[in-house]
Protein chains: 2
Amino acid sequence: MTDPNQPPAAARPTRAQQRRRTESRILGAARQLFAERGYDRTTIRAVAAAAGVDAGLVMHYFRSKDELFAHAAKLPPDDFPTGAPQEVAEALLASLGKRLAAEPVASLAVLRSMLTHSEAAAGFREAAGQRLEQMQSVIPAADAELRAGLVSAIITGVIIERYLVRVGRLADAPPESIIDLLRPCFQALTGAPTPPTSSP
Amino acid sequence: MTDPNQPPAAARPTRAQQRRRTESRILGAARQLFAERGYDRTTIRAVAAAAGVDAGLVMHYFRSKDELFAHAAKLPPDDFPTGAPQEVAEALLASLGKRLAAEPVASLAVLRSMLTHSEAAAGFREAAGQRLEQMQSVIPAADAELRAGLVSAIITGVIIERYLVRVGRLADAPPESIIDLLRPCFQALTGAPTPPTSSP
DNA sequence: TCGTTCAATCAACGTCTGTTCAACGAAGGG
DNA sequence: CCCTTCGTTGAACAGACGTTGATTGAACGA
């Protein structure tokens, strides 16, 4: 039945396969725990237990807790759509819509840990910096940098209150309603160079 | 010169005075450290050292680290101005302006710790809940709860990126420019019941 | 088949943490 | 004046943490 030269890999996994398998199990457990409890409250023993291995093995694969976090919380490259200058707002809203539907766990791990772990903060600043540069280049205003920072702050605040602190209606509101309410905000921040100031 | 019945309290402090003095010194040090490092990374020994006392004394005054945090991070009652329904946005902007000029340390302590310490998260939810109720009562819209939550999320995001993560221009931008850029956002969120949807 | 490699385990170390307890010394009251 | 009260200290404990080293047993190459 089975070809001895090419075993179907389901009977008995090769050594490299087994290694990659447990390594990814460890990474998955670490991501989950870092996202739920943050860096400090996540112990290597807990990660090992969740992955079904010994704590020493985690140290053998990733040489320290910091390095484990760096691998587990590596953010996927942001798919920021550099649309036409006028449609930046809509592109940003679409991007936010994806994150509101299901925020990736690695991103939550970084967000949860960035206030207490310096490397997580650095990772967040780097990811935010990339988005800021891309936004600045398409926002036609002298204070583009500040405007981009405000958009980033809004996104961060919404995701934190929705996934990490779970306050009020934000936690379970459908993404479309949030996007619809945020649309005029993003349009104003990415749009006219000097918005009309309506103070008496 | 000095009335022996009412010593000027500068010569030799009475026992109760001394107690209140060191107690407030401990609270101040705790606030500062909780705001800078968060709950987990702040040790009782570090608080005691910063206050110039022994660690055992901190435990004697506040019976546990949790209780110390509860006292140090007690938020001042929010002075939310319940203005006329049309001027809610401006009142919110003014309130944000104060916090952008100098955010109180106790508030930063709660914000820094709320992602990893459950009691800090509860304190944040309580403070946010009060603001949400007050905002809902003056926002004329069916989805007032979600709108209020978004305003809260924006404020939280801006303050976190300004004081806690320090990303981009947000960290050092003058409060007025931030408020000016955020004005159309707050007006849209607190204003028209159904903002015009500009999707093709 | 034999020796090597390597995934995986186990026990232990040193350190840091929150917390406790006995003790001291000066202020307060009678 | 003495005895009590109480702010304050120092040492110590038990637990949890990141990290290390020796060890085992099965897969691997020759």
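Below, read A as the first sequence line, B as the second, and so on, with proteins coming before strands; counting in each chain starts at 1.
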When the distance from [atom1] of [X] to [atom2] of [N] is rounded to whole Å, what number comes out?
X        : N      : atom1 : atom2 : result
Arg45(B) : dT9(D) : CZ    : P     : 14 Å
Arg19(B) : dG7(D) : CZ    : P     : 5 Å
Glu23(B) : dC6(D) : CD    : P     : 15 Å
Asp54(B) : dC6(D) : CG    : C1'   : 16 Å
Arg20(B) : dC6(D) : CZ    : C1'   : 14 Å
Arg21(B) : dT8(D) : CZ    : C1'   : 16 Å

query: Is Leu108(A) reachable from Leu170(A) through a run of hydrophobic residues whose side-chain heavy atoms are each under 4.5 Å from the next?
result: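 In one cluster: yes.
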Under a 4.5 Å cut-off applied to non-hydrogen side-chain atoms, are [X] and [Y] in contact?
X         : Y        : result
Thr42(B)  : Phe69(B) : no
Met135(A) : Leu92(A) : yes
Thr22(B)  : Tyr61(B) : yes

message: Mind checking if Arg15(B) touches a base, just sugar-phosphate, or nothing, with heavy atoms under 4.0 Å?
response: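 Base, at least one base atom sits under 4.0 Å.
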Residue Ile44(A), side-chain heavy atoms: nucleotide from dG18(D), dC10(C), dC28(D) that is nearest: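 Of the options given, the side chain of Ile44(A) lies nearest dG18(D).
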- prompt: To the side chain of Gln18(B), which of dG18(D), dG7(D), dG18(C) is closest?
  reply: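 Selected nucleotide: dG7(D).
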task: Establish, for the pair Lys65(A) and Tyr39(A), whether the NZ or CZ atom is under 6.0 angstrom from the six-membered ring centre and no further than 45 degrees off its axis.
output: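 Because its charged atom sits under 6.0 Å from the ring centre and within 45° of the axis, Lys65(A) does stack over Tyr39(A).
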- request: May I ask you to establish whether Arg99(B) and Tyr163(B) are in a cation-pi arrangement, using a distance under 6.0 Å from NZ or CZ to the six-membered ring centre and at most 45° from the ring axis?
  value: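 Checked: cation-pi criterion not met.
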Residues within residues 108-122 of chain A bordering DNA chain D, heavy-atom distance below 4.0 Å: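 The answer is none.
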field: Positions of residues 30-43 of chain A (non-hydrogen atom under 4.0 Å from DNA chain D), listed by number
entry: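 The answer is Thr42(A), Thr43(A).
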task: Using heavy atoms to find the nearest nucleotide of DNA chain C for Ala55(B) and Ala16(B) separately, return the residue whose nucleotide is more 5′.
output: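 Comparing both residues, the 5'-ward one is Ala55(B).
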query: When you look at CZ of Arg41(A), are more than 12 heavy atoms from neighbouring residues, nucleotides or ligands closer to it than 6.0 Å?
result: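 More than 12 heavy atoms, drawn from other residues, nucleotides or ligands, come within 6.0 Å of this atom.
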- prompt: Are more than 12 heavy atoms from other residues, nucleotides or ligands located less than 6.0 Å from atom CZ of Arg125(A)?
  reply: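 For Arg125(A), atom CZ is crowded (more than 12 foreign heavy atoms under 6.0 Å).
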- prompt: Is the shortest side-chain N to carboxylate O distance from Arg183(A) to Glu90(A) below 4.0 Å?
  reply: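 Yes, charged N to carboxylate O under 4.0 Å.
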message: Quick test of your reading of the model: are Glu36(B) and Arg112(B) salt-bridged, counting only N-O distances below 4.0 Å?
response: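 No, Glu36(B) and Arg112(B) are not salt-bridged.
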query: OP1, OP2 of dA8(C) versus side-chain N and O of Thr22(A): anything below 4.0 Å?
result: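 Checking Thr22(A) against dA8(C): at least one side-chain N or O falls below 4.0 Å of OP1 or OP2.
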message: Please give me the minimum heavy-atom distance between Ile179(B) and Gly97(B), naming the atom from each residue.
response: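 Smallest heavy-atom distance, with atoms named: CD1-CA, 3.2 Å.
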- prompt: Does any residue of residues 57-73 of chain A have a heavy atom under 4.0 Å from DNA chain C, and if so, which ones, in number order?
  reply: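 When residues 57-73 of chain A is checked for heavy atoms under 4.0 Å from DNA chain C, the hits, listed by number, are Leu57(A), Tyr61(A).
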